[in-house]
Each structure stands twice: as structure tokens, then as C-alpha cells.
Amino acid sequence: MTIKLYCFGESGNSYKAALALQLSGLDWEPVYVDFFNGETRTPEYRNAVNELGEAPVLVDGDFKLSQSGAIQAYISDKSGKFGGTTQAGKYEVLRWVLWDNHKLSSQAGMTRFLMNFLPEQHCNPDVIAFSQGRLKAAYQVLNDHLEGRDWIVGDGVTNADLSCCGYLYYPEPFGFDRAQWPHIDAWLMRLSEQPGWKHPYDLMPGNPSDRA
Ligand SMILES: N[C@@H](CCC(=O)N[C@@H](CS)C(=O)NCC(=O)O)C(=O)O
């Protein structure tokens, strides 16, 4: 049965799940979530799709799951890929996924949203500067970790990579300049060379140009 992923192109959190599905080789298809017209806030979405009011959501037959990190773990269990190859490696992958969800992607997603998708009158430059400061510290951690390594954990792609990259391929400015972080830059390039890799706007429906 084809796995469905509720997602939209602008969503880096959705991208983490979509990319894991895509690279796993599992049979899947996207279901477009009209986030920018408020779909995730409707009672229908919360009742039928996700009580948390978020994308992504994976549906595999009768099984439904939200939270990109949980979805990635499900994909790993089903495909045997990206979850880490040893017991210690599995915890190491989980450690980086949790770090990403807290320190990297949540900040990057919010900063990108404030700088690109929110009407200008609602943007607070102090909030943006604060978030960018926290992000800089996160980029430093990731860049330092990637020095001398191809992948975040072990010697192949894992959910640690598929999580941390969630917002880093997007073209909209949010203060992340790949050229300033050479080890992150090389790692993003390496990941984009994996067979089947696609950019978020090519992998999921929905693009800022739809609203232009
Ligand atoms: N920790 C969650 C975050 C999910 C999330 O915040 N998704 C955003 C889109 S990127 C969303 O649906 N937000 C809806 C809202 O805040 O109303 C995950 O990793 O899946």
C-alpha cells in the first residue's frame, strides 16, 4: 500500500520525512496541506489528520503518525535504512535528531517564516536578531562536528543528516550562508548527490510562487 505524507513544499519539517521516504525507496505519495490558507488550524484537520495541528503526518494504511523524528524512525524500522547500524549508533542518531528539532530546525523554520512569509508589519527585528544569534551557535556546532566526517553519524546517511538538513536547502534568506560554513556546505553537497535526492520544492507540492 502506498504511504501518504501530508506535507507542503515550504515545510522543512515535512522535507525531513519526505526525503527519508524518497531515499528509502518505499512507495509513497504526498498529500498537499494548504498551510498558508490555514488548513492546519481547522477543526477538520485537527480531528481527522493531526490533533497537534502540524505537518508532516504519515499515513500507512490504518497507521497514522506525526512529528518528523518519529516518522523518520518509522521509515527506518520499515526500510532498514537511516536508523544507525549499531545500538550506540541508533542512540547517536536519536541524539542528533533531538538536537536538530530543538536547536536548529525550530529556530531556522521560525526565522525563515518571520523573514519571508509573514507580513512585514508583524516582523520584530529584535526577535529575528535573537533567533539568528541562536542559529549561528547551532551552525557552529554542526560545522565543527562535520569537520573530517562525511556524515553526522557513522559512515552513511542517517536520520541525523535527514533531520539537520531540513531547512538548509531553501533559497529564502534567513541568515544562513553556506559559504560561511565549509563543512556544512560540503555535507549538503554530498547529501544532494545521493541517488533519488530532490530539492524540497521538487519533492513536495507547494511553492512560494503559488502565492505570487
Ligand atoms: N516538531 C515538529 C514540528 C512540525 C511543525 O512545526 N510543522 C509546521 C510546518 S513546518 C506546522 O505545521 N505548523 C503549523 C502551525 O504552527 O500552525 C516536526 O518535526 O514534525
Side-chain angles (χ1 to χ4, degrees), residues 3-24 28 30-60 63-77 82-83 93-119 122-124 127-128 131 134-135 138 142 152 158-174 176 198-208 210-211:
I3 295 171
K4 293 187 188 323
L5 186 74
Y6 287 75
C7 60
F8 57 99
E10 294 89 340
S11 166
N13 290 307
S14 295
Y15 183 56
K16 300 171 197 178
L19 188 58
L21 283 166
Q22 175 74 4
L23 298 184
S24 73
W28 75 285
V31 178
Y32 176 59
V33 176
D34 194 358
F35 169 85
F36 288 95
N37 280 313
E39 184 179 344
T40 53
R41 300 195 169 194
T42 61
E44 291 78 14
Y45 189 87
R46 295 197 178 206
N47 289 334
V49 183
N50 185 3
E51 65 182 343
L52 304 180
E54 295 177 337
V57 176
L58 173 144
V59 178
D60 188 8
F63 181 73
K64 191 167 67 173
L65 187 63
S66 72
Q67 291 294 324
S68 60
I71 294 171
Q72 289 179 330
Y74 178 79
I75 294 165
S76 289
D77 284 344
F82 312 136
V93 170
L94 179 60
R95 192 170 78 92
W96 279 98
V97 169
L98 292 173
W99 175 82
D100 165 67
N101 278 220
H102 181 204
K103 293 282 175 53
L104 181 55
S105 286
S106 63
Q107 300 287 335
M110 189 188 67
T111 311
R112 172 168 159 268
F113 184 80
L114 293 177
M115 290 177 66
N116 298 278
F117 301 139
L118 200 65
H122 298 310
C123 291
N124 182 330
V127 173
I128 291 171
S131 302
R134 287 179 62 83
L135 274 170
L142 184 58
I152 294 176
T158 68
N159 291 327
D161 305 291
L162 303 178
S163 195
C164 289
C165 79
Y167 281 89
L168 303 183
Y169 290 110
Y170 283 104
E172 298 83 21
F174 59 94
F176 173 64
K198 286 188 180 175
H199 187 277
Y201 288 139
D202 297 326
L203 190 56
M204 301 178 290
N207 189 302
D210 300 341
R211 299 183 301 284

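Side chains are part of it too, since the values below use all heavy atoms of this structure and drop only hydrogens, waters and symmetry mates. We count ligands from 1, going down the list as the structure has it; atoms in each ligand are counted the same way.
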So what's ligand 1 close to, N/O to N/O, under 3.5 Å?
from, atom 1, to, atom 2, distance (Å)
ligand 1, 1 (N), Gln67, OE1, 2.8
ligand 1, 7 (N), Ala55, O, 2.8
ligand 1, 12 (O), Ala55, N, 2.8
ligand 1, 17 (O), Arg41, NE, 3.3
ligand 1, 17 (O), Arg41, NH2, 3.3
ligand 1, 19 (O), Ser68, N, 3.4
ligand 1, 19 (O), Ser68, OG, 2.6
ligand 1, 20 (O), Ser68, N, 2.9

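Residue pairs that meet the salt bridge (Lys or Arg N to Asp or Glu O under 4.0 Å) test with at least one member in residues 6-20, sequence neighbours left out, are Glu10-Arg211, Lys16-Asp100.
Across all non-hydrogen atoms, the minimal contact from Asp161 to Ile152 is OD1-N, 3.0 Å. In terms of heavy atoms, Asn13 sits closest to Ser105 at OD1-CB, 4.3 Å.
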Please determine whether ring pair (Phe, Tyr, Trp, His ring centres under 6.0 Å) holds for the pair Tyr167 and Phe174, giving the CA-CA distance in whole Å, both sets of side-chain angles, and the decisive distance to 0.1 Å. CA-CA 10 Å; Tyr167 281 89; Phe174 59 94; 7.1 Å; no

Can you list the steps and then say if Val57 with Leu65 is a side chain to side chain contact (heavy atoms under 4.5 Å, CB included)? CA-CA 6 Å; Val57 176; Leu65 187 63; over 6 Å; no

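Side-chain contact of Tyr170 with Asn116: a donor-acceptor pair under 3.5 Å is absent, judged by distance alone.
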